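Note: hydrogens, waters and symmetry copies are ignored here, and every other heavy atom, side chains too, is used. Quick caveat, the model's predicted, so the values are computed rather than measured.
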Amino acid sequence: MLSKHPILKGALVLTIANVVTRALGFLYRIFLSNLIGAEGMGLFQLIFPVIAFCTALSCGGIQIAVSRFVAETKSKSTRFSILISSLIMSLMLSLATVCFVYHFSDVLSVRVIHNAQCARLLQYSVFTIPMVAVHACISGYYLGLKRTLVPAWSMMTEQFAKILSVYILGTIWIHENITLTPMLAVYSTILSELAGMLFCLIAIGFEKTYHLQVTSILRSMKNLFSVSYILTLNRLLLTFLQCVEAILLPLMLEKNGLTTSNALALYGILTGMALPVVTFPSAINNSISTMLLPAVAESKSEGNIMALKRTTENSIWFSTVSGIFGIGLFLSFGDFIGSNIFGHPQAGIYICILSWLCPFLYLSISLGSILHGLGKTTAAFIHNVIGITLRLIAIWWGVPQFGINAYLIGLLVSHLVTTFLHGSYLKKWVPYRFSLWGNLLKPTIQTCTSLIIGFLIQYIVQFSDFSGKLFFYGTTALRFLIVCSILGWFLFQDAKGVNS
């Protein structure tokens, strides 16, 4: 099957790495939330929009541009020139960004984030940006070569370092009676990004280097800039809107009647616990999307419409099926994850509500990548802006009156609209077909069947003489394994049918 579909074959390594990374990240968030609490998680999450904006400014469009140009270029020396040029551009931008944010961290925390406690968090977190820039450029280089091992191992190295560092630092702080604050998470993030960057630099150090001329580097920088500036501007505007979204939500929750502490705790539960759980399965979609861009660009340059059509249909099928499976899993196990794993029943409620995002979230990732591969970056950007605008409207007008539920509804509507816009616009360029039976009805029946079987087996096992908390965890784990096994078998069988 994989030999017939190079996209799936190329994405396999990234998929394994993404799944392992997400699983480790899941454990990291559980451990971190137990150390610094929901309010601490909320404070830590507040700085991410600013850091994300700075990262987008430094290397937002360069990684995609590097991957594209390296894939299109046959000359090894030119490819190396592209890599060096991207590193120079990204480091110049990132170092300037570090100086600005470090100097104005107090102003940004008070005037932008509206929380003075974030000043010190920003001051230290901004040092991760140059590391992220180097990591992104080298990963883009290897992705352009379709060599995914280095990006995959760098992701896992980064996540292992994050868990290990937060465990060691947390143990030391507890032993020394140091108050556990969100700075613990900031320090672990710095160490993990450093580990990821060093891994990439070591990997590139084993590659053959080439004598480069200044003219070659300048030419590569010009080519990179011609593509990356558009992508960067798009990413900056999207990130800016996401910053506004993240900053507004806690403020509007306060207008709804919550105290600052409760608003931060609720924000931390939603964005630091519930959303990461729901987006966990998208690790596979992200991997496939990473490989979709160069594959679609190659098919487009060759004028191979049938290959584009087949790639699009397979991507849509996988995204919808995995999304429907995700709905079933999170509706069934959301309460357990929130109450028994995170220790916050409210997180379980949000996981169940957000589960309906899965098909639209996964579809928008795949369709957006296809649009980028076709060169329809502006269209994808406009669709994303419309989606974020809908969420901002929900926050501004709905949250003060109806609370967090207004934002959750806005989140669902925005992803639905974005997916519809992506799909309808893509239809103009790729004549793909959408199977109602194969993409919607069949996976829905399969999901319901697997959940019913899982519940029946757990119900039967409960009649045994065993009882207690350990037995409850055991039967729930058994039901989860049964449901996942059945869903995996259905997915494998359907994939064989699609690929035949």
Side-chain angles (χ1 to χ4, degrees), residues 47-67 69 80-109 111-113 118-142 151 154-155 157-158 161-162 165 183 185-205 209 212 214 216-240 242-243:
I47 67 171
F48 273 108
V50 176
I51 298 300
F53 184 84
C54 296
T55 303
L57 178 63
S58 303
C59 58
I62 292 178
Q63 180 180 5
I64 297 176
V66 169
S67 179
F69 281 117
F80 193 71
S81 175
I82 291 169
L83 172 61
I84 299 301
S85 301
S86 68
L87 287 171
I88 293 172
M89 294 170 64
S90 293
L91 283 174
M92 288 174 61
L93 288 169
S94 60
L95 291 174
T97 303
V98 169
C99 293
F100 178 84
V101 176
Y102 187 86
H103 184 72
F104 294 102
S105 59
D106 289 331
V107 177
L108 290 171
S109 61
R111 298 295 179 86
V112 177
I113 302 179
C118 292
R120 191 159 173 260
L121 303 180
L122 272 180
Q123 267 190 338
Y124 285 85
S125 294
V126 75
F127 288 108
T128 63
I129 295 174
M131 305 176 199
V132 173
V134 172
H135 190 170
C137 291
I138 296 177
S139 293
Y141 173 77
Y142 280 105
S154 67
M155 284 191 297
T157 300
E158 180 183 322
K162 184 178 288 185
S165 61
M183 281 303 302
V186 172
Y187 291 145
S188 70
T189 302
I190 294 173
L191 292 172
S192 65
E193 292 293 349
L194 178 62
M197 181 190 71
L198 290 176
F199 181 90
C200 288
L201 288 174
I202 292 171
I204 208 69
T209 58
L212 300 176
V214 176
S216 175
I217 293 177
L218 291 176
R219 190 185 311 114
S220 297
M221 290 177 71
K222 181 181 177 181
N223 291 335
L224 284 172
F225 182 76
S226 66
V227 173
S228 65
Y229 88 93
I230 299 176
L231 294 170
T232 300
L233 288 175
N234 290 351
R235 184 73 64 85
L236 280 174
L237 183 52
L238 282 175
T239 308
F240 173 76
Q242 289 167 351
C243 287

Show the atom names and distances, to 0.1 Å, of all donor-acceptor pairs under 3.5 Å that link a side chain in residues 87-103 to residues at least two apart or in another chain.
residue : atom : partner : partner atom : Å
S90     : OG   : S86     : O            : 3.0
S94     : OG   : S90     : O            : 2.9
S94     : OG   : L91     : O            : 3.1
T97     : OG1  : L93     : O            : 2.8

Residues 48-55 side chain polar contacts: donor-acceptor under 3.5 Å, at least two apart:
residue : atom : partner : partner atom : Å
T55     : OG1  : I51     : O            : 2.8

| task | Determine the minimum heavy-atom distance between Y142 and A203, stating which atoms define it. | result |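 Scanning both residues, the minimum pair turns out to be OH-O, 3.4 Å.
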| request: Look up atom OH in Y141 and atom CD1 in I84, then write down how far apart they are to the nearest 0.5 Å. | output: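 That separation rounds to 9.0 Å.
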Just distance, no hydrogens or angles: give the donor-acceptor pairs under 3.5 Å from side chains in residues 187-202, sequence neighbours left out.
residue : atom : partner : partner atom : Å
Y187    : OH   : R120    : NH2          : 3.3
S188    : OG   : Y28     : OH           : 3.0
S188    : OG   : A185    : O            : 2.8
T189    : OG1  : A185    : O            : 2.7
S192    : OG   : S188    : O            : 3.2
S192    : OG   : T189    : O            : 2.8

Taken to the nearest 0.5 Å, the spacing of H135 NE2 from M155 CE works out to 7.5 Å
**Item:** Over all atoms of both residues, closest heavy-atom pair of S109 and L122
**Value:**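 Scanning both residues, the minimum pair turns out to be N-CD1, 4.3 Å.
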*Nearest heavy-atom neighbours spanning F127 and M131*: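 In terms of heavy atoms, the two residues are closest at O-CE, 3.5 Å.
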By side-chain hydrogen bond (donor to acceptor under 3.5 Å, both in side chains), S139 pairs with (sequence neighbours left out) none
side-chain hydrogen bond (donor to acceptor under 3.5 Å, both in side chains) filter on S125, not counting sequence neighbours, yields none
